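Working notes for the structure below.
Chain letters run A, B, ... following the sequence lines, proteins first, then strands; residues in each count from 1. Note that this is a predicted model, so its numbers are computed, not measured.
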Amino acid sequence: MLALIYFIILAVIALGAATCVLLSRHPLYGALSLVVSMVSLAGIYGLLGSPFLGVVQVMVYAGAIMMLVTFVIMVLNGARDSRTPMFDKVSLFIIPAVLVLAALVGVALVRAPLGFDAATIRGSVAVTSETLFNVAQGGPGYFILFEVLGLLLLSAMVAAVLMAKKRLGSVDSENVEEKH
Amino acid sequence: MDIIESKTWVEWLITIAKFAFCFVPVLYILLLIPMERRGAGFMQDRQGPNRSYIKIPYFGKIRLFGYVQNMCDGTKLFFKEMFAPAGVNKVLYYVAPAIPFAIVFLSPCVIPWFGPMVFEWGGKMVRIPGSIIDSDVGVLLLFGFSSLSAFGAVLAGWASKSKYSFLGALRTSSMTISYEVCLGLSMMGILLLAGSFNLTDIVTWQEHHVWGIVAQPVAFFCFLIASIAETGRAPFDVAEGEPELVAGYHTEYGAMQFGLFYMGEYSHICINSFLIATLFLGGYAVPFVTTETMQAHMGGSLAVLCGILAFLALAFLHMVHRYSKKLAATAQTHRFEVLREYKLYNIIAWAAVAVFVILGVCAWFFYNPSNMVVNGVAVGSLATALGTALIHLLVLVVKSVMFCWVWIWVRWTLPRFRYDHVMNLGWKIILNIALINLVVTAVIAKLVGGN
Amino acid sequence: MRVIRQKPMTLGERLYIFEALRGLWTTLKHAARGLFRYETLPTISYPEGKPEVRNTYRAKHRLMLRPDGTPRCVACGMCAAACPAHCIFIEATASDDPRIEKRVMRFDIDHLTCVFCGLCVEACPVDALRMDTKEMVFEHRNRDDFVAHLYDLTNWDPKDYPDDEQSQVAPGGTKNAEALRVWGMEVK
């Protein structure tokens, strides 16, 4: 009962904040709403018995990534007070896409056998790590996948750094600098 | 109603009373500000602020060794007019200072203030954890909160619509991101050894093996540096460096809005020093004495505690005596007033010595709670558990105050780094040292054969 | 032009951490002194305790007096000419004494403008102006009070300068009677 009340409160906050992300005209307000949404999502994870996931959500998404996003918004021109229009030509494609996606997810959620009991599933650190990395039980698990993912991210990072360095050194970028 | 009936009233009482620990960081501000000011003074061979006083009728002036100064400053900040400069983003401008300060109340929830209280009540064994939330993910929760608290600075800088504030906010956000990484990685070694995110488990591991500072000295230094940087204090206070940005992200703030930032910073120091004490200095564990020994000789332990407190009171008396002798010999016109105040402190300190000695003797002779056997396990009584908790709490406080002093000490010793130096130190040095430390720890732990 | 080359830092210095620890040790020593030897701190709590002022300290001015109590100043204006801050204002008038040509009627020193350089003292040909009062605190309610007039400048007590012979010559000093006799003798 108590859990249900909490869930409703958190869900309302999360949905409201998510709507704010769509409706806010300034990118920074959007980012802040996203932070609120993510924190309340973390609360819902906690309610579902997986505090680890919730805390990681707060730490990585709400903390680090959104901080980075705010940083970028502030550094780029988005921090100026020019307000972007709520609807433009791109919205013609995006609004139907959002609606279709929402319908898809809704159908999937309704049709899926949600046979899960919040009391039994514990997404604690031990359970999470066992699901991911326990090689003894049922094959390699997600171990190799995890490592490959790490490599992929690393290579992406190296590529990004390389591209940034190239842009910095080129004549093109210098001209642009001068123009400003 | 099942929830209420699942615990006895004593358990409920202690569980609810533990929420008082949420206010510890705020109380630490009262300790840290005078410590910072007088400490800074002493390091520069000054006396520090000691002039403001409260006038008590029929007695005279009470200076409390300069403590009144902080009350004055607090009162001033509190009663100043709250204002917003023209052109600021009003909502965010007013919300921003509250964010770090609100998080201050959440962060202490995961710190174990004393060992798990295990005692016998109504024929059953009761176990109450020492932290408010005894969670699997303790440390991570703390990191989550502290990364959120940087949003306050970022929003303040953006909402102020001032170039200086804005630059300060940018620096804060980039520094938070980079040093969170270092902080997390340098902590991983000790987590690996203890095999848990739970801070109580980490302290228990340290109690049974060695303290984290012995097992992981390199990680300790990395963690200390990274957490000093994360609180944004000198030598890493590039976010509010006076020579470059007037005051960084709180340039446009005044009155209690500034006060909230100020208090948030000090509380952050407090929480971080509690965290360091817990991770690397054995937390609430008493050095060289196991909890079991302490509980077996509860009266004796309390007597030793009282003895230490009495000794501290005597040392204070000695200091006051020496200074008043010097003062009486000078020709300062206010010496009689000060000496009268010191006489009061003398009386209080002597009374404290007497009380501590009497308490110690009483504890030695009369406070010997016996163990009981519940389901074949020897379990102490509530009295033992409370005594243990008290000693644990005091030990933790002493350790954390020591680290708070490190913050102040470092601030008044080292000059500020340049911004790019801070980034270099974070990404190129500390991060790599922490990584290497983690790898070495993992390899050794595997070779020695732990989990 | 002299070029001073800095000595290159050694490895230990470049590592920063050891030098930082050394600095921390220094400040710790000072902090411990403040905490445990508070009475050895050199601070004087000012309005209650006064610092020792040396004789050579350039403090508030005073005008030296003749044995009969008139200011020694001959109103030559040298001090006003020497003053870099232009803070001395002198008006002269004819002296009653036949041996002395001029006497000072108005002698004002504006202490808000004064830079306490002591050039007026150096410039004085008759050693009439001195800055040895050891009065270093100037606090008044309004700007006019900061201007010291002739009365303020001559209103000093020889007892405050027991070691100075010239001050003892003034009325009230130990050598006043003798000096007055000499002074009178020369007149007649």
**Asked** Using non-hydrogen atoms only, which part of Phe36(C) is less than 4.5 Å away from chain B: side chain, backbone, both, or neither?
**Response**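 For Phe36(C), heavy atoms of backbone and side chain both lie under 4.5 Å from chain B.
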**Contacting moiety of Ser45(C), where chain B heavy atoms sit under 4.5 Å** =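 Both parts, backbone and side chain.
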Over 12 non-hydrogen atoms of neighbours within 6.0 angstrom of [atom1] in [X]:
X         : atom1 : answer
Arg22(C)  : CZ    : no
Phe221(B) : CZ    : no
Lys50(C)  : NZ    : yes
Phe18(C)  : CZ    : no
Phe59(B)  : CZ    : yes
Glu101(C) : CD    : no
Phe336(B) : CZ    : no

Looking at [atom1] of [X] and [atom2] of [Y], how far apart are the two atoms once the value is rounded to the nearest 0.5 Å?
X         : Y         : atom1 : atom2 : result
Ile44(C)  : Gln47(B)  : CD1   : CD    : 10.0 Å
Asp45(B)  : Thr43(C)  : CG    : OG1   : 8.0 Å
Leu28(C)  : Thr413(B) : CG    : OG1   : 8.5 Å
Arg37(C)  : Met319(B) : CZ    : CE    : 10.0 Å
Glu337(B) : Glu48(C)  : CD    : CD    : 8.0 Å
Arg322(B) : Glu39(C)  : CZ    : CD    : 4.5 Å

**Request:** Using ring pair (Phe, Tyr, Trp, His ring centres under 6.0 Å) as the criterion, point out the one residue from Tyr342(B), Phe65(B), Tyr323(B) that pairs with Tyr38(C).
**Result:**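 When Tyr342(B), Phe65(B), Tyr323(B) are each tested with Tyr38(C), the ring pair (Phe, Tyr, Trp, His ring centres under 6.0 Å) holds only for Tyr323(B).
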**Message:** Does anything in residues 34-42 of chain B reach chain C? List residues with heavy atoms under 4.5 Å apart, or say none.
**Reply:**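 So far as heavy atoms go, Arg38(B), Phe42(B) are the residues that approach chain C to under 4.5 Å.
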With a 4.5 angstrom heavy-atom cut-off, is it the side chain or the backbone of [X] that approaches chain C, or both, or neither?
X         : answer
Arg335(B) : neither
Trp412(B) : backbone
Phe316(B) : neither

**Max heavy-atom pair count under 4.5 Å with chain C, selected residue of Lys325(B), Arg46(B), Arg51(B)** =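 Answer, by heavy-atom pair count under 4.5 Å with chain C: Arg51(B).
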**Item:** Pair Trp409(B), Thr27(C): side-chain N/O donor-acceptor within cut-off below 3.5 Å
**Value:**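 Side chains of Trp409(B) and Thr27(C): pair found under 3.5 Å.
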**Asked** chain B: which of Arg33(C), Glu19(C), His30(C) shares the most heavy-atom pairs with it under 4.5 Å?
**Response**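 The candidate making the most pairs under 4.5 Å is His30(C).
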**Asked** For Tyr16(C), which of Leu425(B), Ile429(B), Leu414(B) qualifies under side-chain contact (heavy atoms from CB on, under 4.5 Å)?
**Response**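 Exactly one candidate clears the test, Leu414(B).
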